[in-house]
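To keep things clear, I will list the structure first and then write my remarks on it.
Counting starts at 1 for both ligands and their atoms, in listed order.
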Amino acid sequence: MNHDLSPLIHRLSGTPLAIWAETLPGQLADKIARSHGDLPRWQAAVEALPALTAESIELADNLVLQGTCSEGERAQLDTALRGLIPWRKGPFDLFGVKVDTEWRSDWKWQRLAPHLSLQGRRVLDVGCGNGYYMWRMLGAGAETVIGVDPNWLFHNQFHAVKRFLPEHPAWHLPFALEELPPRLEGFDTVFSMGVLYHRRSPIDHLLELRDCLVKGGELVLETLVVEGDEFTALVPEDRYARMRNVWFLPSVPALARWLRRAGFVDVRCVDVSVTPVEEQRATEWMRFQSLPDFLDPQDHSRTLEGLPAPTRAILLARKP
Ligand SMILES: Nc1ncnc2c1ncn2[C@@H]1O[C@H](C[S@+](CC[C@H]([NH3+])C(=O)[O-])CC(=O)[O-])[C@@H](O)[C@H]1O
């Protein structure tokens, strides 16, 4: 697997991120040395990918790579990619192998993309998963995209795609946001999608995101919300839609207030959508239970726990 970060270091030289970038190869090597479990198996799956060249690359309207690929190579590709199951975020069409992921992440991107202007921007995607959106951000004109996510499977899924896009300026770092140095202040746009509700201290999360941005930079925040006024936030007693580790589900007005308290300005909500069961479901690439199993079978407006069904909002805000 290509873990060479020198192109990233070169790219970030002369920016506020240069000193941090120099430390990354050491940190990454340290992480790999301390990792355990399935990492060798996943790395072997990435190594088993056939050597194919993407002759046609679609990242703007979809994620489709095409190029010369024999039937034998396609079978080899399919087998290697299945070695990285479960695939949650996507879908990917890689040389005719259609990775039908748990999530139709392209639908969220369609809701979000009209509100973004990423041309020439240096972007951080916090909780980037397998990097699906990172590729779409490049398709929308971003200059450099760095994703952080501590999950090793997702890191390897990212590298499976990067293998066919080696020159594209996207880097996936297997780190949690809290592992980044404080006050990086080097990104033009920071994304946090699907992360805030996992945080016990949501305002601290917003402050950490703000500290990653340059002055005038933009935050794109997507999270679960509930209906209500600026005083409303739901804290589940235990699980939410079977998920452990869900803490705060604010209303949109409450979330906007949190953002203002965290020092953001120009806070605006650009989308609120109830997640349909067609957007998050089990597929042959993700065989575990999914959203349809987490909702009340008699009433899809409620979770199994009797709480409001997942509704997600996208808010944009600026660091002054
Ligand atoms: N402290 C942390 N720092 C960084 N990443 C974290 C942290 N904690 C959890 N994660 C990561 O955040 C991601 C949350 S999923 C959103 C994926 C994508 N953004 C999406 O919008 O589809 C949730 C969802 O399915 O919506 C997971 O990949 C975690 O490993």
Ligand 1 contact on [X] by region, counting heavy-atom pairs under 4.0 Å:
| X | answer |
| --- | --- |
| Met193 | both |
| Phe191 | neither |
| Arg312 | side chain |
| Trp152 | neither |
| Tyr133 | side chain |

Could you list the atoms of ligand 1 found under 4.0 angstrom from a heavy atom of [X]?
| X | answer |
| --- | --- |
| Tyr197 | 23 (C), 24 (C), 26 (O) |
| Gly129 | 28 (O) |
| Ala176 | 1 (N), 2 (C), 3 (N), 4 (C) |
| Val195 | 12 (O) |
| Phe154 | 28 (O) |

Any chain of hydrophobic side-chain contacts (each under 4.5 Å) joining [X] to [Y]?
| X | Y | result |
| --- | --- | --- |
| Val214 | Met137 | no |
| Leu65 | Leu77 | yes |
| Trp258 | Val246 | no |

Backbone of Glu73 reached by a side-chain donor or acceptor of Glu71 within 3.5 Å: no

Side-chain donor/acceptor of Arg268 to backbone N/O of Asp266, under 3.5 Å: yes

For [atom], what is the closest protein heavy atom, and at what distance to 0.1 Å?
| atom | result |
| --- | --- |
| atom 30 (O) of ligand 1 | Asp149 OD1, 2.7 Å |
| atom 14 (C) of ligand 1 | Gly194 O, 3.3 Å |
| atom 22 (O) of ligand 1 | Lys89 NZ, 2.9 Å |

N/O of [X] under 3.5 Å from N/O of ligand 1, yes or no?
| X | value |
| --- | --- |
| Gly127 | yes |
| Asp125 | no |
| Leu177 | yes |

Closest candidate by heavy atom, reference atom 21 (O) of ligand 1, pool Glu222, Glu178, Arg88, Lys108: Lys108

Phe164 ring center near Phe95 ring center (under 6.0 Å): yes

Ring centroid separation His172 to His3 under 6.0 Å: no

Heavy-atom side-chain contact between Leu180 and Leu124 under 4.5 Å: yes

Whether Pro150 lies under 4.0 Å from ligand 1, heavy atom: yes

side-chain contact (heavy atoms from CB on, under 4.5 Å) against Asp299, all qualifying residues, sequence neighbours excluded: Asp296, Ser301, Arg302

Arg199 NZ/CZ over Trp247 ring centroid, <6.0 Å and within 45° of normal: no

Axial cation check for Trp171 ring with Lys162, 6.0 Å and 45° limits: yes

Side chain to side chain contact (heavy atoms under 4.5 Å, CB included) between Tyr132 and Arg88, worked out: CA-CA 10 Å; Tyr132 174 80; Arg88 293 194 182 272; over 6 Å; no

Protein contact for atom 9 (C) of ligand 1 (heavy atom, distance under 4.0 Å): no

